[in-house]
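Take a look at the structure below.
Here is the naming used below: chain letters follow the sequence lines, and residue numbers restart at 1 for every chain.
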2 protein chains.
Amino acid sequence: MATSGRQARVTITDVARHAQVSTTAVSKVLRNAYGVSDAMREKVRAAIDELGYRPHNAARAMRGRTFTIGVQLPHIRNPFFSDIVDGLTDEISGSGYQAIMVQSGDLDAAAERRAIDALMDRQVDGILSVAPVCSRVQLEEVARNTPLVVLGRHDRSALYDCVLDDDELGAQLMVEHLIALGHRRIAHITQRDTATRRSAVLLQAIRARTYEQVMTEHGLAEHLAIAATSYTEEGGYDGARELLARSPRPTAIFAGADQAAFGVLAAIHEAGLTVPGDISVAGYDNARMSRLAHISLTTVDQDGAIMGTTAGRLLLERIGGRSAAVRFSVTPTLVARRSTAPPA
Amino acid sequence: MATSGRQARVTITDVARHAQVSTTAVSKVLRNAYGVSDAMREKVRAAIDELGYRPHNAARAMRGRTFTIGVQLPHIRNPFFSDIVDGLTDEISGSGYQAIMVQSGDLDAAAERRAIDALMDRQVDGILSVAPVCSRVQLEEVARNTPLVVLGRHDRSALYDCVLDDDELGAQLMVEHLIALGHRRIAHITQRDTATRRSAVLLQAIRARTYEQVMTEHGLAEHLAIAATSYTEEGGYDGARELLARSPRPTAIFAGADQAAFGVLAAIHEAGLTVPGDISVAGYDNARMSRLAHISLTTVDQDGAIMGTTAGRLLLERIGGRSAAVRFSVTPTLVARRSTAPPA
DNA sequence: GTGAAAGCGCTAACAA
DNA sequence: TTGTTAGCGCTTTCAC
């Protein structure tokens, strides 16, 4: 009747004693290890059930696995990350693994590294790093100690796996869509980068660069207009206000992420303009919200669930012993909705 | 030059040897424990820095604290949960604690319990449970073993702390707002509950019940119309379609959560109707998105950041030894925006 | 103020 | 197939 005070936790020793066997036997049953008779397995299982035993993770961590996968992501506010996490969860459910998430904050390489360290200190068996901004060297340092999958970067490394979207193609599809509609003054909102030297591998840089290239190829170099804020609602809002203040103002705004596009919609509405009447708006990600919003958003679909599922599979493979690096790329598609139309 | 293979981890023994002291001394310095001279502290600190030592969490967990706070939440897609998590993160940053999150899925008491167990197995020092649906008995079982703060339930327990919003007041404000605008056929979208007996403590039940009460008090009992789906975009979408099919259809829809209200907006738009021209729409939570959406949403503000901050503080207090239960309630306010107007 | 030593719950050699 | 035993890295008595 321990109404106050903690209940003493049931340990492997209790189970062993209760089943009249050794702790080793119990441990083996727990891990489905080789060399246990059916009778033994039965006895142990029964004892485990009877006592309500659950392995103590920290103790496991000292010697073996923790059956934990750590997910580091900038923040949980971006609905696209939800798709990824749901995919990951789907894939590892039933494998006995549990995903734990930590927020690392936006655009802060130091905080990001602390978040990853926090996962490593907690002895996760593998790490999924979502859209990290730190250097490849840092990621490789992590990968040397823990199975690592990086999502959303155009890196190449022999030490970790990459899951990414062909952002070049996605951005190209979108800019060409807008050009085909007849737009010329097409502006772009990107996420500003902290360290320029590695920007070539970050997806925001690739989307922005592709925007510039496609515009230039179509002879629209003089209409290039980029606002470098961030892939958040606030970032989209601020970026749009900046772009709307220019003269002549753009007839279309391509935000590098849906989340930012939502902010763009708000800024345009606040300025007394209409979408797509005065200005076309496009995003990237095809977050669920894009479909459901009142003005449904033209965007680029990259299948977050599949990216998450794949990341989970790759992680389990790595934990299982694979060491050769894998690179998985999803092909984006254009999703034209009501937020884009020919210019007035 | 360990290019392949894991680097051997720096342990407390390495630090002790390097600083020419005992491991006990190092441990004390790490925990700011009583009984270390300044000189000793200096020596140890230097060694820690030099070696880049970080305590091994699992080993700590075996004896003492893990400096980890576990957050269980239904899913990360709801932007209101982001506000809570940001508040929590803010509060515990600098305390040496790290928050880890696990998704438990919607409306599934068993999955929820597994998620909480997963946190306990990982020896977190405290748990924040966000809008749990399981029974109070289960929560108390958890609370007996781990400091626990429950957010978003109208429970009373001597074993854990509660952080909640006065949902009765919030729902009342909203229904009266709609009535004051002249609406009579006001419908409500709620989250269906799995186990009815404990529904009295769940926020969705309180919002729904208050809706019924206020309507009845205003002589509008005959116009009661509730769709029981869920607090998600899909739930709002499905619920709205159900309500729109009724005849006569409502002139206002009060969704129990902003997230659901977004789905309502989509359904209404799809039906060729306008907001607020044909139908007024209202939500609950004042998620950031509500402010920024193209049709800005009338909603009830409950300060998620403050709820998160408070939950963090209460958790740290409990970890620090407090055992008396605390109950913290925020007072909601009405935020009238453009999605509500007098009926046509 | 400092350090030696026991032990947390588990896994993995190794022995039987 | 089963059991014995030595740690994993840390915290915590308890001597000194």
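- Residues L88(A) and G312(A) approach most closely at CD2-CA, 3.3 Å, considering heavy atoms.
- The CG-C1' distance, from D125(B) to dT11(D), rounds to 14 Å in whole Å.
- Residues I69(A) and I100(A) form no side-chain contact, since every pair of their non-hydrogen atoms from C-beta on lies 4.5 Å or further apart.
- Aromatic ring centroids of H75(B) and F81(B) lie under 6.0 Å apart.
- Ion pairing of D155(B) with R136(B) is absent here, as no side-chain N (NZ or NE/NH1/NH2) approaches a carboxylate O to less than 4.0 Å.
- Of the candidates dG3(C), dA12(C), dT2(D), dA12(C) carries the atom nearest the R31(A) side chain, counting heavy atoms from C-beta on.
- The CZ atom of F67(B) sits 11 Å away from the C1' atom of dT11(D) (whole-angstrom rounding).
- Atom C1' of nucleotide dC8(D) and atom CD of Q123(A) are separated by 10 Å, given to the nearest angstrom.
- Atom CG of L30(A) and atom C1' of dG9(C) are 12 Å apart (whole Å).
- At whole-Å resolution of the value, CG in D121(B) and C1' in dC10(C) are 14 Å apart.
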TODO: Could you please spell out the steps behind the side-chain hydrogen bond (donor to acceptor under 3.5 Å, both in side chains) verdict for Q98(A) and T68(A)?
DONE: CA-CA 5 Å; Q98(A) 169 70 229; T68(A) 307; over 6 Å; no

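- Of all the residues in residues 48-57 of chain B, not one reaches under 4.0 Å from DNA chain C with any non-hydrogen atom.
- OP1 or OP2 of dT11(D) lies within a sub-4.0 Å distance of a side-chain N or O belonging to R60(B).
- Salt bridge absent: R327(A) and D161(A) never bring a charged side-chain N and a carboxylate O closer than 4.0 Å.
- Residues from residues 11-28 of chain A with heavy atoms under 4.0 angstrom of DNA chain C, sorted by number: T11(A), I12(A), T24(A), S27(A).
- With hydrogens and angles ignored, the 3.5 Å screen pairs a side-chain donor or acceptor of R122(A) with a backbone N or O of A118(A).
- A donor-acceptor contact closer than 3.5 angstrom links the side chains of Q72(B) and S104(B).
- Here the nucleotide nearest the side chain of S37(A), chosen from dG3(D), dG9(D), dT1(D), is dT1(D).
- Side chains of R313(B) and T309(B): no donor on one and acceptor on the other come within 3.5 Å.
- For the pair M62(A) CE and dC10(D) C1', the interatomic distance rounds to 7 Å; values are reported in whole Å.
- Atom C1' of nucleotide dG3(C) and atom NZ of K43(B) are separated by 12 Å, given to the nearest angstrom.
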